[in-house]
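As structure tokens, the structure follows; a few thoughts come after it.
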There are 2 protein chains.
Amino acid sequence: MKTSNDIINCRSCIYRNLLYDKLNDKEYGQVNSARTEYIYQRGELIKQEGDKIKSFLYLRVGLVKLFKTDHFGKDHILSINKPGDFISLLSIFSNSTYKYSISALEETHVCEVALPVLKNLVASNGAFALKVLNRMSHISDTIIENSFRINQKQVKGRIAHILLFLADKIYHGHTFRMPITRREVGELISMTTENTIRTLSEFKKDGIISMDGKTISILDYGRLVKVSKSG
Amino acid sequence: MKTSNDIINCRSCIYRNLLYDKLNDKEYGQVNSARTEYIYQRGELIKQEGDKIKSFLYLRVGLVKLFKTDHFGKDHILSINKPGDFISLLSIFSNSTYKYSISALEETHVCEVALPVLKNLVASNGAFALKVLNRMSHISDTIIENSFRINQKQVKGRIAHILLFLADKIYHGHTFRMPITRREVGELISMTTENTIRTLSEFKKDGIISMDGKTISILDYGRLVKVSKSG
DNA sequence: TAGTAATTATGATTAATATCATATTAACAA
DNA sequence: TTGTTAATATGATATTAATCATAATTACTA
């Protein structure tokens, strides 16, 4: 991990409207001076379960996974997050330590804003407080909704769900490079690596997708949607 | 559902320290006049997925389940909530309609506070805003943590988990009346009714619990903890 | 660039769970 | 009270997914 030398400040950040558009000049100054942008490489751990929470985390560039490790040592992925997401927001107002770990799936830039500064702004700026509540609610809802969707399906449906998630929510296209391994897909949908691989092979054989190394193309989107709904 | 005639106001509510202790006299007045307490009987639907969100919901007495229905018509229970819990808090700041349903598992009293009043308080009272964020974060974390715990276990471990949850978090004792049917237990842990019943019978045969109608006693707490961790 | 480890891949077998079937008991309403 | 429905219960069978085994390929590193 290294510190970014970008001259970007919050006011010129393309994601400012997601949160900081409620601030005035003075408040912008406060956030900017309490802010550091860090760069992580693929595979790097950004935060580990148990780490003390000292700042608010904002994903500016890249892709990360939020995960927890169970007492067998097996990882369970809670969510995959993309630029603009508040990757610390679940815990910072109720816990003193992270209840999950975060690691980079590709080169990732994370803005960290010292927590006391953020809390002061929440306490002093009502519109900002409502915006934080709104965004925080949204990210939790997404994780809960996702786990609900996964739980009602079996392997085929779960894999289809993940492929559609990557195509629609992350890459906005039908061809993309898998950002996670088959094992990680399994950790995301509570399935073994072998069955994950097997199911992808089956989709390929059935002409629903094509695979070339890490690159996946969805050939029959409609059928994938159907599978994601039924099985 | 009927309206309560209780003379209780927020200031004298035993749960006031969970949220309202940050308010001054005038603000208390605002909450009290925007507040109605409703009483629901066992089985009554309190809110239905899709209902418009008009108020903040506070569970004062009783027990409820939060659940979603999938497109096969099968219910999935997200959580069981008890007095003091904010049963609307996941959605009210990011959605206009409920994304889940709420129903009463026993006689339940719910305080409803008109949403605009609550939002005004968040915007004008910083300490109150931080408290709301804190409590909101907490309830989401619990649901996510729970789904993580359930997902790493198989039937026996899941049933053990639920029995421990009821004993430790809801009834604070080793003997209690099951507030939900076996089918609902299954909906809570993503298992069929038959396997839920089978597993409970097995626990009984093994001397871990005893069952008398709806009443369950945990006879061997240590063993139950062990099962909840391993299987 | 050779060697090592991780990932992808597939088959065979075992274990877990769902489904189907059928009673029994409990709860509820007419 | 009786009829009706929901809940609990248990066995047999089918389905699904996990585990074990082994190999090929890819990625990483010394």
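Chain identifiers are assigned alphabetically (A, B, ...) following the order of the sequence lines, protein sequences preceding nucleic acid strands; residue numbering begins at 1 within each chain.
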Pairs: protein N or O with nucleotides 13-17 of chain D N or O, under 3.5 Å:
unit_1 : atom_1 : unit_2   : atom_2 : d
D:dA17 : OP1    : A:Val155 : N      : 3.0

Least distance between heavy atoms, A:Ile218 atom then A:Leu224 atom: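 Heavy atoms only, the tightest pair is CD1-CD2, 3.7 Å.
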For the student: nearest non-hydrogen atoms of B:Leu166 and B:Pro179, plus distance: CD2-CG, 4.0 Å
Of residues 197-209 of chain B, the positions that come close to DNA chain D - non-hydrogen atoms, cut-off under 4.0 Å: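 Within residues 197-209 of chain B, the residues near DNA chain D are B:Ile197, B:Arg198, B:Ser201.
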Close approaches to DNA chain D from residues 70-80 of chain A, in residue order (heavy atom, under 4.0 Å):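 Output list: empty, so none.
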N/O donor-acceptor pair under 3.5 Å between [X] side chain and [Y] backbone:
X	Y	value
B:Asp85	B:Lys82	yes
A:Ser55	A:Leu115	no
B:Arg182	B:Thr196	no
B:Tyr58	B:Tyr15	yes
A:Thr108	A:Leu63	yes

Starting from [atom2] on [N], measure out to [atom1] on [X] and report it in whole angstrom.
X	N	atom1	atom2	value
B:Met211	C:dA26	CE	C1'	15 Å
B:Asn151	C:dA16	CG	P	18 Å
B:Ile216	D:dA9	CD1	C1'	14 Å

Bend angle of the helix from C:dT1-D:dA30 to C:dA30-D:dT1, end axes from five pairs each (to 10°):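 That helix gives 50° between its end axes.
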What pairs of donor and acceptor atoms, side-chain ones from residues 199-210 of chain A against any protein atom, are under 3.5 angstrom apart with sequence neighbours left out?
unit_1   : atom_1 : unit_2   : atom_2 : d
A:Thr199 : OG1    : A:Asn195 : O      : 2.7
A:Ser201 : OG     : A:Ile197 : O      : 3.1
A:Glu202 : OE2    : A:Lys156 : NZ     : 3.0

Residue list, salt bridge (charged side-chain N to carboxylate O under 4.0 Å, His left out) with A:Arg223, at least two apart or on another chain: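 Scan of A:Arg223 (salt bridge (charged side-chain N to carboxylate O under 4.0 Å, His left out), adjacent residues dropped) gives A:Asp220.
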Sub-4.0 Å heavy-atom contacts from residues 177-187 of chain B onto DNA chain C, ordered by number: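 When residues 177-187 of chain B is checked for heavy atoms under 4.0 Å from DNA chain C, there are no hits whatsoever.
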Short side-chain N/O contact to D:dT8 OP1/OP2 from B:Lys214, under 4.0 Å: yes
Test item: side-chain donor near acceptor, A:Asn81 and A:Ser79, under 3.5 Å: yes
Can you name the residues that form a side chain to side chain contact (heavy atoms under 4.5 Å, CB included) with [X], not counting sequence neighbours?
X	result
B:Tyr98	B:Lys47, B:Asp51, B:Ile53, B:Leu57, B:Ser88, B:Tyr100
B:Glu107	B:Ile39, B:Gln41, B:His109
A:Leu118	A:Phe56, A:Ile92, A:Phe93, A:Phe128

More than 12 heavy atoms of other groups within 6.0 Å of B:His138 NE2: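 No, not enclosed.
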Write out a two-atom table: protein N or O, nucleotide N or O from nucleotides 21-23 of chain D, distance below 3.5 Å.
none

Pairwise side-chain hydrogen bond (donor to acceptor under 3.5 Å, both in side chains) hits with a residue in residues 63-77 of chain A, at least two apart: A:Lys65-A:Glu184, A:Lys68-B:Glu145, A:Thr69-A:Asp75, A:Asp70-A:His76
Full working for side-chain hydrogen bond (donor to acceptor under 3.5 Å, both in side chains) between B:Thr97 and B:Lys99: CA-CA 6 Å; B:Thr97 59; B:Lys99 293 287 171 267; 2.9 Å; yes
Salt bridge (charged side-chain N to carboxylate O under 4.0 Å, His left out) between A:Glu187 and A:Arg183, worked out: CA-CA 6 Å; A:Glu187 289 168 359; A:Arg183 181 171 54 77; 2.9 Å; yes
Pair B:Glu37 + B:Arg60, salt bridge at N-O below 4.0 Å: yes
